[in-house]
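Reviewing the structure listed below.
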Amino acid sequence: MAFDLPELPFAYDALAPYMSAETFEFHHDKHHAAYVTNGNKILEGLPDQGSTLEAVVMNAQKEQNAGLFNNGAQHWNHSFFWNCLKPQGGGTSLPGTLEAKIDSDLGGYGQFKADFSNACLTQFGSGWGWLAMDNATGKLEIMKTGNAGVPFTEGKTALLTCDVWEHAYYIDYRNARPKYVETFVDSMINWDFVAALLEKGPMKIAA
Ligand code: MN3
């Protein structure tokens with residue numbers, strides 16, 4: 001398979017002023033596009049690496065192909081991240097089943113917000129903060145990954161992510177990662193997307 005750059009699921013200015021059109025022009029059209037282009041260059045020189053992006057990333061990790069892993073996983077992470085965002089998103093109005101699951105597994109919305117924000121802020125350097133589900137136990141957990149790291153190589157199903165690479169926030173927030181993360185949680189999360197993933201259950205990866 002080859003990688004395809006997905007379109008943003010909203011207009012470039014739909015998240016303004018929290019995330020500007022300029023940020024998306026760089027983040028989607030340049031950063032994400034570069035992962036797709038560079039990943040495809042690597043794939044061109046190899047036999048078929050799998051029928052899905054997840055399988056390609058799993059194989060790249062197994063084969064210790066760092067270039068393919070980094071570009072493939074960043075393609076996956078960014079495709080996922082766009083869906084985690086929506087205009088007038090975030091806040092405390094969560095779909096009922098998701099709210100109940102956060103109450104039982106994470107100690108409620110306030111604790112979720114504190115722990116998720118902490119994961120995003122304590123990821124040293126580039127990476128991602130996550131709400132994920134453990135595939136074995138079905139329990140929600142907060143995690144963070146460095147650089148291109150993805151939850152599905154660790155037996156976790158991603159439900160929500162915040163990109164904490166500087167390119168995600170430097171245009172709108174400069175160096176203020178705490179303000180960016182707070183705004184992400186309060187005003188940008190697509191809780192319907194998170195609830196739909198929870199409903200689907202553990203992620204299955206085809207070969
Ligand atoms: Mn990014």
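Every number for a ligand or one of its atoms is a count from 1 in the order of the listing. Positions are given from 1 along the sequence. When reading the values below, keep in mind they use all heavy atoms of this one structure, side chains included, and skip hydrogens, waters and symmetry mates.
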For this session: May I ask you to check if any N/O/S atom from H32 comes under 2.8 Å of the Mn ion (ligand 1)?
Result: no

Exercise. Measuring to the Mn ion (ligand 1), does H31 have an N/O/S atom at a distance below 2.8 Å?
Worked result: no

For this session: Please report the C-alpha distance between F184 and Y18 in whole Å, then the side-chain angles of each, then the deciding distance to 0.1 Å, and finally whether the side chain to side chain contact (heavy atoms under 4.5 Å, CB included) criterion is met.
Result: CA-CA 8 Å; F184 174 85; Y18 306 125; over 6 Å; no

Exercise. According to the interplanar angle, ranging from 0 to 90°, do the rings of F81 and H27 count as parallel (below 30°), tilted (30 to 60°) or perpendicular (above 60°)?
Worked result: tilted

Seminar exercise, completed: Here the N/O/S atom of D163 closest to the Mn ion (ligand 1) would be OD2

Exercise. Side chain to side chain donor-acceptor pair (under 3.5 Å) with E54: which residues, sequence neighbours excluded?
Worked result: W76

Problem set entry | Residues forming a side chain to side chain donor-acceptor pair (under 3.5 Å) with T137, sequence neighbours excluded | D134

Seminar exercise, completed: Output field for angle at the Mn ion (ligand 1), H167.NE2 vs H27.NE2, rounded to 10°, should show 100°

